[in-house]
Amino acid sequence: MALWKQYVRPGSVEEALALLHAAQGPTAIIAGGTDLLLDMQQGRHPPVDLMVDVSGIREMRQVRQEGERIELGAALTHHEIIESPLFRERGRALVEACSLIGGPQVRNVATIGGNVAHALPAGDGTIALLSLGAEAQIASRDGRRWEPLEALFAGPGQTTFDREREILVSFRFPASGPREGSAFRRVMRPQGVAIAILNMGAWVRCGPAGEIADVRIAVGPAGPKPLRARGAEEALRGRALDEAALEAARLALLAEARVRTSRHRATAEYRQHLIGVLLRRTLYTAHARAAGEKVTA
Amino acid sequence: MLKLWVNGEAVEVEVAPGEMLADVLRYRLGLTGTKIGCNEAECGTCTVLLDGEPVLSCSLPAAKAAGRKVTTIEGLAQGERLHPLQEAFVKQGAVQCGFCIPGQIMTAAALLERESDPDEEVIRQALKDTLCRCAGYPSIIRAVRAAARSLKTG
Amino acid sequence: MGHVVPRPDAVAKVTGAARFADDYDFPGLLHGRALRAGVPHAILKRLDVAKAKDLPGVVAVLTAEDIPGERNHGLVIHDWPALVGVGEKVRYVGDAVALVAAERREIATQALELIEAEYEPLPVVSDPVQARQPDAPLVHESGNLLKHIKVRKGDIEEGFAQAEVILDEVYHTPTMEHAFMEPECSIARLTAEGRIEVYVGSQIPYADRDQIARCLALPPEKVRVIGTLIGGGFGGKEDIAGQIHAALLAQATGRPVKVLYDRHESLLVHPKRHATQIRVRLGVKRDGTLVAAQTELYGDSGAYASLGEKVMTRATTHSTGPYIVPHVKADCYAMYTNNPPSGAFRGFGVTQSCFAVESAMDQLAERLGMDPVELRRKNALRVGSVTNTGQLLTESVGLLECIDRVEAEMRRLSGGRDPFKPQVVPGAPNRVRAWGLAVAFKNTGLGGGAPDKASAEVELFTDGTAEVRTSSAEIGQGLVAVLQMIAAEELSLPLEKVRVLLSDTDLTPDGGPTTASRQTYVTGNAVRLASDVVRQAVATTLAEKYDVPPEGVRFVEGLAQVNGHSVPLGEAVAMMKAEGREPKATYEYWAPKTQPLGTGGDMHFAYSFATQAAEVEVDLETGEVRVLRVIAANDVGRVINPLGLQGQIEGGVMMGLGNALTEEFIVEEGRVITDRLARYRMPSIVLTPQIIPIVVEHPTGEGPYGAKGIGEISSIPTTPAITNAVYHATGVRVKRLPVDQDWLAREIARRERPQDV
């Protein structure tokens, strides 16, 4: 059976919403389709009557900087994000995450919105956006709303918004300014599926003495949903980035992260071990960037 | 009816719902140079250029190519004259069983459009998802570098 | 010989003109698909295909009863049903129970979903050790033991009695997938004369022909197998895939039928590399002299025999390494299980046993406090040595030179430091580097008493060109260029005047299987000798015409020189034809006779030897392993085409790297977990180390110009070189492949914090 009966490419969010609401049978929103099509081809997602391709909607492909806030359309591809000097300068964790996903062929079509909407607990783009303190704009027939990114996730692969009737339009996050920096790191398994064993995004604001004035940390997979590690953040806030602070943060993170063994992928013990390793590497890199050092890898 | 540009020519082709670009190229347009290795967006064999950028045609709904420019391996040579990448792949022994080669060359072609003198690391990153099981990777790297030199000197 | 020649098929392969099986189309082409059982062990109780038959667009649905001839196929033992019938047994998830031919592929797929099949599940045999237990369920009525393979030399008790140090270890290797880039595809069609033609990229076209004919109840002459280009084989295209199914459907429908596997089906169905458990017990004198070697191997042959017995025989005879050992006892149990069948895969069993014995040799060196290179050098096979199967090596043993040259290069690159001691990467205290080394040998040719022969035909034309014809597979390894070079050399023709036609059972004589690194040697010799016959025929014609002895005719660059005349070869051919002589010859070349295992004497007519050293970098915190450099020395006898050799070395090293670090085909209780390419990771370009090839040439007298096989040996020592390097970097010994970074990181952490143990 064909994966879809009809394929449409609306020009605006409103048109897309109208098509979705007018449809009688099952529908799906497609952007890059790199996750959705595989799910459909391999039987994890049933075929649909109507496929609504949002990848050409202009509003969803824009990048805007308003004051100290960056807004990016959900249909931007990973490639477009990597190539953007704005993100490189002011949202480095996102660029690092996007550059680790796939090869150029996938990055040319896969979108940041698709990564978030797939709602995997360790989506690389998702974790990076979380660490940057992002919010998401959802469009429905009732209007538009902004929600904290964290609020979109209901469980592994599950969202709180209706993916058949609502559209993830854009994200916004505070642009990293002077004395602020971010980083993304992950560890992969050389065998099997290319999903991170553990990934982490961190954003740091340095205080006058180099202390951690403010910090955001996101990690996955550390539970059913992408995790914003507020306990670890709390343990670090206001402290110098030294061994004691790092250890306090590690313990806090271990307490709030629910890591488990996934068969054929990783043991819980290894993931717990990696939490300490990645915390150190991600934080040090973000902190060094915040302090004005150039850190490439 | 799907209208698109394939290797510089305007094409109108009937497409069934659910068809991917690779199926249209291979089975409707007879452009069998584009190979399908896995049909699950893993191996890179099916890579073609869409508006100059490499994409995996096995997992790209044909409808996405509407009105856009598709370049396949058949469209790379200029008449009888091979593209420098094609020439270099032959000379450097980068071709073995040959099944992945169209994907390798198309991915590399997009790279060379963007960067005239990529170093080894850049080449590796560009080709990271284009698998070769004969694994002539060192030869492939040499071929891309040789092609870059040849493109520069003309 | 020995100069760089680009492959004749390379241009077509870079322009997209090259045609693989799925690139062929025929008017009225139908699409065939097979319904796979999806259960590992069961009785097929009921099969209802009525709904599938009624689906519009479906042209035929076939079940086991529709097979006109023999049900079973197989390369050695006919134990593999083309279709499992009602009341019969399913032995693995990939068994086919019904076939569909439809106007479009999607319709065929949909029809498969409409077939109702009911199974009565049986207890599953999931590993070879379990399979040998007395109470294990039976996979085949004849028992689970496919073959007990024995190697005996000297007196093992006596050997261990002499030993001053004994090492005893067990190693495990997983199932591996060929993952050739081109999934299997066969197209069958009836000809106007009532014959069946099958287009397929196969490693053994004549075996395909015979197996198709048996199942279709046709004489073999009624079947023509036409080889297409092959998008990689590595041993995985030796068994039947869709050939018989396509032919059955074409016979039933009267229309051309294409059976194309998708990647999922390819992963489920075709034979894999054997998973093994290998115990190695080595006895040695304090000075490092090996006195005894005992090995016990279990090989998972899966549901059907395929080439399992032969593969595990090679694993066994190579299990004590390329070493002089006076007392040897090796036992191997090749077992049937309900896993996908195992068969040929580059290395043919030796990949697995080399990992085991080369890990053991490194451990032994440490136990002795000896340099691991020195231990190997001391015991290495050399001319005059007797192998563990009792073969006296009289020539072409380049192992010592391989060891010496790799060691010298490794020490040079290490800049005077001990290459086997961990070096911390400057500026990155969590990363360490070290080298590891391993050696290997691998037979060229079938050996073990199997008749090993190849036929080739060479024909000259009046335009001065020549054509070489043989049914041998070009799977990417570069055979076409090799045969072209040999014919050109023998006929004194420019290369471009020689065409090579492969693998058409109507037009090309049997070159034998493309396996066991044998084509350059065996078919190469057939082409060399056929060319020689043709050349002599030309010489005879000219000698008569110009009244000189045939030795007086010289051949230079497409010209025959006789008595001061220069006759273009094409003209000479015209003269022959005018006299009614055929300007062509077929030569059936028989490789030197070999002896069956257990009878002593020459089990193989040649061996290739290799040494590799790998430098790895390990992240001590994450357990991530990167291979930085590999030095690879191969004794190939004589290089014919350096460009083809380069491809074999680079590709061999990368495949060995995948074997060590990335690849693991997971089957649990007979169910395939790695049933998508996304779950089976082969090395990509980013993992490519710097590869430093060293060519060693110890010619073998009977090989063409001295050449022997390279296709497998280039891949075999890579894995233990890498795992030995991991040990030297971290102190953690890998005894189970692939290297599990999760486990490695935890082991490293444990060693650093002994109180946690």
Side-chain angles (χ1 to χ4, degrees), chain B residues 16 18 23 26-27 30-45 72-77 82-83 85-105 121 123-141, chain C residues 4 6-7 9-20 22-25 104 106 178-183 229-234 262-264 266 474-478 642-644 646-648 650-655 657-658 676-678 681-691:
Chain B
D23 298 323
R26 286 181 54 79
Y27 306 120
L31 294 170
T32 54
T34 300
K35 308 299 178 195
I36 298 176
C38 69
N39 232 347
E40 49 168 302
E42 273 299 318
C43 73
T45 299
T72 71
I73 189 74
E74 290 92 343
L76 209 56
L82 295 181
H83 185 279
L85 271 167
Q86 293 172 314
E87 202 133 308
F89 267 66
V90 171
K91 274 199 192 132
Q92 297 293 329
V95 179
Q96 296 183 58
C97 90
F99 198 77
C100 74
I101 294 300
Q104 303 285 358
I105 290 180
E121 187 50 31
I123 295 170
R124 284 169 184 254
Q125 289 305 321
L127 294 173
K128 68 179 277 212
D129 266 8
T130 313
L131 300 176
C132 171
R133 188 55 156 171
C134 303
Y137 294 130
S139 302
I140 290 172
I141 293 169
Chain C
V4 169
R7 311 167 57 95
D9 59 10
V11 170
K13 284 176 173 175
V14 297
T15 59
R19 292 213 295 168
F20 298 81
D22 186 37
D23 300 335
Y24 287 74
D25 195 8
R104 294 208 319 270
E106 309 84 76
H178 307 78
F180 31 71
M181 300 309 298
E182 179 212 19
L229 287 175
I230 306 176
F234 313 106
D262 60 19
R263 182 58 66 176
H264 176 65
S266 176
E474 169 58 66
I475 51 178
Q477 82 277 42
L643 207 58
Q646 164 194 306
Q648 287 295 320
E650 293 172 355
V653 167
M654 285 311 289
M655 202 171 245
L657 187 150
R676 303 279 174 189
L677 203 60
R681 199 147 291 274
M682 59 181 121
S684 76
I685 198 167
V686 291
L687 296 187
T688 308
Q690 183 189 355
I691 296 171

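Each chain gets a letter, A, B and so on, in the order its sequence line appears, and its residues count up from 1. Fair warning: this is a prediction, and the values are worked out from it, not measured in the lab.
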Test side chain to side chain contact (heavy atoms under 4.5 Å, CB included) applied to C:Thr15 and B:Ile101, B:Leu82, B:Val90, the passing residue: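 It is B:Leu82; the other options fail the test.
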Salt bridge flag under 4.0 Å for residues B:Lys35 and C:Asp23: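 Yes, B:Lys35 and C:Asp23 are salt-bridged.
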Measure the spacing between [atom1] of [X] and [atom2] of [Y] and express it to the nearest 0.5 Å.
X	Y	atom1	atom2	answer
C:Met654	B:Arg133	CE	CZ	9.5 Å
B:Leu131	C:Arg681	CG	CZ	8.0 Å
C:Glu474	B:Gln96	CD	CD	9.5 Å
B:Glu40	C:His264	CD	NE2	9.5 Å
C:Asp262	B:Ile36	CG	CD1	11.0 Å
B:Cys97	C:Glu182	SG	CD	7.5 Å

Give a yes or no answer on whether the side chain of C:Arg263 reaches the backbone of B:Gly37 with a donor-acceptor pair at less than 3.5 Å.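 At least one qualifying donor-acceptor pair exists.
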Any donor-acceptor pair under 3.5 Å from C:Gln646 side chain to B:Gln92 backbone: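 Such a contact is found between C:Gln646 side chain and B:Gln92 backbone.
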Go through B:Gly93, B:Pro102, B:Gly136 and name the one with the most non-hydrogen pairs under 4.5 angstrom from chain C.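 The candidate making the most pairs under 4.5 Å is B:Gly93.
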Report the option among B:Leu31, B:Thr32, B:Leu85, B:Thr130 that has the most heavy-atom pairs separated by less than 4.5 Å from atoms of chain C.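 Sorted descending by pairs with chain C, the first entry is B:Thr32.
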Which atom names give the shortest non-hydrogen contact between [X] and [Y], and what distance separates them?
X	Y	result
B:Thr45	C:Met181	OG1-CE, 3.4 Å
B:Pro138	C:Ile691	CG-CD1, 3.9 Å
C:Arg7	B:Val95	CD-O, 2.8 Å

Need one label for [X]: side chain, backbone, both or neither, based on atoms under 4.5 Å from any heavy atom in chain B.
X	value
C:Pro683	both
C:Arg676	both
C:Asp25	neither
C:Leu643	side chain
C:Ala18	backbone

All side chain to side chain contact (heavy atoms under 4.5 Å, CB included) counterparts of C:Val686, not counting sequence neighbours: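 Listed in chain order: B:Arg124, B:Gln125, B:Lys128, C:Ser684.
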Relative to chain B, which of [options] shows the most heavy atom pairs under 4.5 Å?
options	value
C:Ile230, C:Ile475, C:Asp22, C:Leu229	C:Asp22
C:Ala12, C:Gly647, C:Gly233	C:Gly647
C:Phe20, C:Phe234, C:Phe180	C:Phe20
C:Arg19, C:His178, C:Glu106	C:His178

What pairs with B:Tyr137 under ring-ring contact (aromatic ring centres under 6.0 Å, His included), at least two apart in sequence or on another chain?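 Listed in chain order: nothing, the list is empty.
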